[in-house]
Amino acid sequence: QVQLVESGGGLVQAGDSLTLSCAASGRTFSTYTIAWFRQATGKEREFVAGITRSGGFTNNADSVKGRFIISRDNAKNTVYLQMNSLKPEDTAVYYCAADLAWSEILASKISGEYDYWGQGTQVTVSS
């Protein structure tokens with residue numbers, strides 16, 4: 001079992017950068033694929049980026065490719081989401097999620113496949 005806590009959200013202007021962190025408890029963090037999802041008001045939760053257990057492979061949503069970078073430090077039990085060139089449409093609550101993985105498989109884009117979720121952190125981008 002793993003517990004996830006997101007941090008780093010806030011209010012920024014369009015074009016700014018922000019880095020989110022997802023800190024995990026437990027000694028088996030390196031066995032989980034981790035993903036970031038986001039949910040804007042009135043919209044469904046959507047996949048943003050994911051990273052495999054070792055950090056060797058990542059995948060991003062088309063909407064954030066070239067702007068967001070996901071990374072992880074298994075020694076610190078933490079996953080990061082570096083967000084650059086932020087746009088007003090990036091405004092949402094951002095969640096990290098964990099899925100127990102038996103191998104280096106790309107993160108699923110389906111939220112229902114994740115067993116553990118953080119409480120979320122709000123990111124607001126003003127124009």
Could you list the residues that satisfy salt bridge (Lys or Arg N to Asp or Glu O under 4.0 Å) with [X], not counting sequence neighbours?
{"X": "Lys43", "value": "none"}
{"X": "Asp99", "value": "none"}
{"X": "Glu113", "value": "none"}

If hydrophobic residues (ILVMFWY) are linked whenever their side-chain heavy atoms come closer than 4.5 Å, directly or via other members, who joins Ile105 in its cluster? none
Say you draw a straight line from [atom1] of [X] to [atom2] of [Y]; how long is it, rounded to the nearest 0.5 Å?
{"X": "Leu4", "Y": "Tyr32", "atom1": "CG", "atom2": "OH", "value": "9.0 Å"}
{"X": "Ser30", "Y": "Arg72", "atom1": "OG", "atom2": "CZ", "value": "7.0 Å"}
{"X": "Asn60", "Y": "Lys109", "atom1": "CG", "atom2": "NZ", "value": "8.5 Å"}

Side-chain atoms of residues 15-23: list all donor-acceptor pairs with protein atoms under 3.5 Å, sequence neighbours left out, distances to 0.1 Å.
| unit_1 | atom_1 | unit_2 | atom_2 | d |
| --- | --- | --- | --- | --- |
| Asp16 | OD2 | Gln13 | N | 3.1 |
| Ser17 | OG | Asn84 | OD1 | 3.0 |

For Phe47, the ring-ring contact (aromatic ring centres under 6.0 Å, His included) test, sequence neighbours excluded, returns Phe37
Indicate yes or no for a side-chain donor-acceptor contact from [X] to the backbone of [Y] under 3.5 Å, with no hydrogens or angles considered.
{"X": "Glu44", "Y": "Gln39", "result": "no"}
{"X": "Gln82", "Y": "Ile69", "result": "no"}
{"X": "Gln119", "Y": "Val5", "result": "no"}

Stepwise, does the side chain to side chain contact (heavy atoms under 4.5 Å, CB included) test hold for Tyr80 with Asp73? CA-CA 8 Å; Tyr80 306 96; Asp73 185 340; 4.2 Å; yes
Taking it one step at a time, do Met83 and Val12 satisfy side chain to side chain contact (heavy atoms under 4.5 Å, CB included)? CA-CA 11 Å; Met83 305 185 294; Val12 297; over 6 Å; no
Least distance between heavy atoms, [X] atom then [Y] atom:
{"X": "Ile34", "Y": "Ala98", "result": "CD1-CB, 3.6 Å"}
{"X": "Ala14", "Y": "Ser127", "result": "CB-CA, 4.3 Å"}
{"X": "Thr78", "Y": "Phe29", "result": "N-CE2, 3.6 Å"}
{"X": "Asp90", "Y": "Tyr94", "result": "O-OH, 2.6 Å"}
{"X": "Asn77", "Y": "Ser25", "result": "ND2-C, 4.2 Å"}
{"X": "Ser108", "Y": "Tyr114", "result": "O-OH, 2.6 Å"}

Under the criterion side-chain contact (heavy atoms from CB on, under 4.5 Å), which of Ile70, Val123, Thr121 is the partner of Leu81? Ile70
Excluding sequence neighbours, so at least two apart, what forms side-chain contact (heavy atoms from CB on, under 4.5 Å) with Val93? Tyr95, Gln122
Checking Ser85 now: which residues fulfil side-chain contact (heavy atoms from CB on, under 4.5 Å) with it, not counting sequence neighbours? Arg67
Tyr116 vs Leu100, side chain to side chain contact (heavy atoms under 4.5 Å, CB included): CA-CA, chis, key distance, verdict: CA-CA 9 Å; Tyr116 304 101; Leu100 186 63; 5.9 Å; no
Could you walk me through whether Trp117 and Arg45 pass the side chain to side chain contact (heavy atoms under 4.5 Å, CB included) test, one step at a time? CA-CA 12 Å; Trp117 292 82; Arg45 191 169 297 188; 3.3 Å; yes
Which residues pass the side chain to side chain donor-acceptor pair (under 3.5 Å) test with Glu46, not counting sequence neighbours? Arg38
Pairs in or reaching into residues 55-65: which pass salt bridge (charged side-chain N to carboxylate O under 4.0 Å, His left out), with residues at least two apart or in two chains? Asp62-Lys65
Note, Trp102 side chain near Thr31 side chain (heavy atom, < 4.5 Å): no
Pair up each side-chain donor or acceptor in residues 50-57 with any protein partner under 3.5 Å, not counting sequence neighbours, and list the distances.
| unit_1 | atom_1 | unit_2 | atom_2 | d |
| --- | --- | --- | --- | --- |
| Thr52 | OG1 | Gly56 | N | 3.3 |
| Thr52 | OG1 | Phe57 | N | 3.1 |
| Thr52 | OG1 | Phe57 | O | 3.3 |
| Thr52 | OG1 | Glu104 | OE1 | 2.9 |
| Arg53 | NH1 | Ala101 | O | 3.1 |
| Ser54 | OG | Gly56 | N | 3.2 |
| Ser54 | OG | Glu104 | OE1 | 2.6 |
| Ser54 | OG | Glu104 | OE2 | 3.4 |

